[in-house]
Amino acid sequence: MAAQCCCRKAPGAEAAPARPPPEPPPALDVASASSAQLFRLRHLQLGLELRPEARELAGCLVLELCARRPAPRALVLDAHPALRLHSAAFRRAPAAAAAAAAAEPPCAFAFAAPGPGPDPPPPPLPAFCEAPGAEPACCPLAFRVDPFTDYGSSLTVTLPPELQAHQPFQVILRYTSTDAPAIWWLDPELTYGSAKPFVFTQGHSVCNRSFFPCFDTPAVKCTYSAVVKAPSGVQVLMSATQSSYVEEEGVYRFHMEHPVPAYLVALVAGDLQPADIGPRSRVWAEPCLLPTATSKLSGAVEQWLSAAERLYGPYLWGRYDIVFLPPSFPIVAMENPCLTFIISSILESDEFLVIDVIHEVAHSWFGNAVTNATWEEMWLSEGLATYAQRRITTETHGAAFTCLETAFRLDALHRQMKLLGEDSPVSKLQVKLEPGVNPSHLMNLFTYEKGYCFVYYLSQLCGDPQRFDDFLRAYVEKYKFTSVVAQDLLDSFLTFFPELKEQSVDCRAGLEFERWLNATGPPLAEPDLSQGSSLTRPVEALFQLWTAEPLDQAAASASAIDISKWRTFQTALFLDRLLDGSPLPQEVVMSLSKCYSSLLDSMNAEIRIRWLQIVVRNDYYPDLHRVRRFLESQMSRMYTIPLYEDLCTGALKSFALEVFCQTQGRLHPNLRRTIQQILSQGLGPGAEPGGAAADSEPGLLLGDEAPGGTISLRDVNVSA
């Protein structure tokens, strides 16, 4: 809410323009090259032209800024080698806008028509509403681009020397972006309908600096507007509170009225159609997927939103829409405000779909409204969102289901801990991000599950989950649309519960808040999951049967248990336990296949991939045809990478290469590149995966994306 001035001016006297109190500078972020601490970003405007045939985005960025101190010499922004800057210009804010300390109305953008030659048209030009008789307000600025890290560059723009503190001004940057990590171009063949090209952006954590120059740090938030021109027949969506299509101009217009960090500015365009699923929600999907998406989510999203509002206060973003993306989407889901992105592959796994959507709903309060100020404290978004997700699922799906899902995730956390070691620095909640390290490498289950355990521990200290809900509601109200550090959360907690502060709960031996944040290893305390025992006990009993002696009696007893009636999370937990014990005795694998293989083959992909990993890790050749069929039908990173990693770790490398050579044409170049890298590591010197196809595209052989190494994607919650 904007502050209103209550001062009155004397009759006939001119009052000086009222300025809001100065905001504190944002937190330092080693992942950002920008000079964000020297400026206040008031608003940004984007004029974007999508050019799918050239896989190019042409853009014009208008930044509305104020300097925090007089005469800053330069503005430094995060950028990327994929960005080619065409020009930079300076414009003083109109006097009326400056006096009101408010952003002026969005400018228009002029899009150039293609010329007769092969050269692409220039980026869009801004068109400002200048007052009659006003002198030209724009002047060119010098700029340079310098290396920063392997995930970005620094863009330095020289500013006029006479700039005053708190004086509004604009910097206008025209650019083109090709081969940008944030922008994923898909040929029609990589979509379900195979009808139109598709493009989406993925900004988390530090990719959007290749989408547009920015203060690419979660510590800086601003409102934004955009005008987007796309090929005819392509639907464009953005993470914005307002959107419209101007038919006579052939452009889409968007406006986000609430401040968001750069990584939450998101765009998607393709053959998308909408269907309403609630009073403030709709799904967008390719036409062939729309009926399935609608049937699975109709009415449910409103139920989840209403439950979240009862717990944590009003939903702040207006609409909550969901867009289902093709299998090339590199993660499961992304909480872009007003428009959650979800991979369409998850539609066949109902329980995973429920959890993933509710997790993104929870981010509307924790992550989007209140954001971690640095990537070193990502748990402030993910840990709190996971806690809120489980409170919502408890309200809407019951405590037993919530405890089952929690047990499944904590099981994966302990698996990851065994792989990394208890002294791994990435197991801290407050991770030290060294300069040059990509923050995306910090995304792991500790961020989610150890963060969740700490938040759950705080809820237990106050003795009543509903009182803790009241605290979180007050926390969101206090910090909404800002970015915070852990101390803000913990100070607010002790202020809200003064009796706990008097008891010095932050210093309890072995459970000190500081130890929670900075100790490596497992959570200091884990939740009581006994309410889920009716669902977890059968899983444990079945696993014990399959590891008991003698095998024939155990198999006979196990076959009497009908897992077809189990929940997906129960079956996945059972298979994960078997995976942890692999390699298993060959006679056990043979009996497992006889008992379950055909049944599991009819289940969803989350179940099938786990069974197929058991097949691969145990070199069980009779079921290899099922692995081939699965990989031939999958184009998703989360369902292909784990199998290729397992195939190349064992004795099945040649099988992996054969399947890849047959299927690589249906994979996104980024995924193809990652699999080629896995295969190259497994094949030995001089061998190149992909044969002639790889030779024809040498640029795709190896890329910046490293394979997952010893930690399979199944062990990581890849929702953002």
Side-chain angles (χ1 to χ4, degrees), residues 296 345-356 393 397-412 415 529-618 620 622-627 629-630 633-634 638-639 642-643 646 712 714-715:
K296 288 182 180 288
S345 311
I346 206 71
L347 277 168
E348 66 172 278
S349 306
D350 288 357
E351 291 179 24
F352 281 80
L353 174 66
V354 166
I355 292 300
D356 287 321
T393 55
H397 295 268
F401 174 72
T402 302
C403 289
L404 170 65
E405 184 268 334
T406 305
F408 170 78
R409 299 295 188 193
L410 289 177
D411 209 50
R415 182 180 309 115
L529 301 180
S530 58
Q531 288 182 286
S533 60
S534 62
L535 298 174
T536 55
R537 266 200 312 263
V539 175
E540 187 61 37
L542 184 60
F543 174 71
Q544 293 299 333
L545 280 174
W546 280 107
T547 54
E549 298 283 353
L551 177 61
D552 53 349
Q553 293 181 15
S557 300
S559 62
I561 299 175
D562 185 5
I563 67 170
S564 67
K565 294 183 170 58
W566 277 11
R567 289 182 173 270
T568 292
F569 280 116
Q570 288 178 288
T571 309
L573 183 59
F574 168 61
L575 294 174
D576 277 349
R577 296 282 173 87
L578 292 173
L579 267 169
D580 292 341
S582 293
L584 299 163
Q586 197 65 196
E587 60 272 17
V588 172
V589 181
M590 190 181 305
S591 295
L592 284 167
S593 177
K594 182 180 178 181
C595 194
Y596 299 126
S597 189
S598 296
L599 174 63
L600 297 175
D601 214 26
S602 65
M603 294 186 178
N604 63 60
E606 291 289 341
I607 298 298
R608 295 203 308 278
I609 190 173
R610 286 170 165 80
W611 168 245
L612 296 177
Q613 284 185 277
I614 293 171
V615 168
V616 170
R617 291 190 188 181
N618 289 278
Y620 188 65
D623 272 358
L624 268 187
H625 68 283
R626 301 182 193 276
V627 177
R629 190 169 68 237
F630 185 82
S633 67
Q634 292 294 335
M638 66 183 185
Y639 294 139
L643 277 172
D646 284 346
S712 172
R714 73 177 181 88
D715 295 328

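Fair warning: this is a prediction, and the values are worked out from it, not measured in the lab. Note that the numbering runs from 1 along the sequence shown for the chain.
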Using distance only, find each side-chain donor-acceptor pair of residues 533-541 under 3.5 Å and give its atom names and separation, not counting sequence neighbours.
| residue | atom | partner | partner atom | Å |
| --- | --- | --- | --- | --- |
| Ser533 | OG | Ser530 | O | 2.9 |
| Ser533 | OG | Arg537 | NH1 | 3.2 |
| Thr536 | OG1 | Gly532 | O | 3.2 |
| Glu540 | OE1 | Arg577 | NH1 | 2.5 |
| Glu540 | OE2 | Gln544 | NE2 | 2.8 |

With sequence neighbours excluded, residues passing side chain to side chain donor-acceptor pair (under 3.5 Å) with [X]:
{"X": "Trp566", "result": "none"}
{"X": "Ser345", "result": "none"}
{"X": "Tyr620", "result": "none"}
{"X": "Thr571", "result": "none"}

**Study point:** Interatomic distance, Ile346 atom CD1 to Leu353 atom CG [nearest 0.5 angstrom]
**Key:**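 Atom-to-atom, Ile346:CD1 and Leu353:CG are 7.0 Å apart.
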
Point to revise | Euclidean distance, Asp623 CG relative to Tyr596 OH, rounded to 0.5 Å | key: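 Reported value, rounded in 0.5 Å steps: 14.5 Å.
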
**Study point:** Inter- and intrachain pairs under salt bridge (Lys or Arg N to Asp or Glu O under 4.0 Å), touching residues 542-555, at least two apart
**Key:**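 Applying salt bridge (Lys or Arg N to Asp or Glu O under 4.0 Å) to every pair that reaches into residues 542-555, excluding sequence neighbours, yields nothing.
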
**Study point:** Contacts of Phe352 that satisfy ring pair (Phe, Tyr, Trp, His ring centres under 6.0 Å) - sequence neighbours left out
**Key:**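 Partners of Phe352 under the ring pair (Phe, Tyr, Trp, His ring centres under 6.0 Å) test: Phe408, Phe569.
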
Exercise for review: Determine the sole option in Ile607, Asp580, Ile563 for which the side-chain contact (heavy atoms from CB on, under 4.5 Å) test with Leu575 is passed.
Suggested key: Ile607

**Study point:** Test log, rule side-chain hydrogen bond (donor to acceptor under 3.5 Å, both in side chains), inputs Gln613 and Asp646
**Key:** CA-CA 7 Å; Gln613 284 185 277; Asp646 284 346; 2.8 Å; yes

Review point. Can you list the residues that meet the side-chain contact (heavy atoms from CB on, under 4.5 Å) rule with Pro585, with sequence neighbours excluded?
Key: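 With neighbours one apart ignored, the set is Glu587, Val588.
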
Practice item. Can you see which heavy atom on Leu347 is nearest to which on Lys296, and at what distance? Key: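 Nearest heavy atoms, Leu347 then Lys296: O-CE, 2.8 Å.
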
Point to revise | Pair listing, side chain to side chain donor-acceptor pair (under 3.5 Å) test, anchored in residues 554-564, at least two apart | key: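 Matches after skipping sequence neighbours: Asp562-Ser564, Asp562-Lys565.
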
Check your understanding: What residues form a salt bridge (Lys or Arg N to Asp or Glu O under 4.0 Å) with Asp601, not counting sequence neighbours?
Key ->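 For Asp601 the salt bridge (Lys or Arg N to Asp or Glu O under 4.0 Å) partners, ignoring immediate neighbours, are Arg626, Arg629.
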
Practice item. Identify, with sequence neighbours excluded, every residue that meets salt bridge (Lys or Arg N to Asp or Glu O under 4.0 Å) alongside Arg567. Key: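 Only Glu351 meet the salt bridge (Lys or Arg N to Asp or Glu O under 4.0 Å) criterion with Arg567.
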
Exercise for review: Report, as yes or no, whether the 6.0 Å neighbourhood of atom CD on Gln531 holds more than 12 heavy atoms from other residues, nucleotides or ligands.
Suggested key: no

Review point. Distance-only, no hydrogens or angles: does the Ser593 side chain make a donor-acceptor pair with backbone N or O of Met590 under 3.5 Å?
Key: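 A pair under 3.5 Å: no.
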
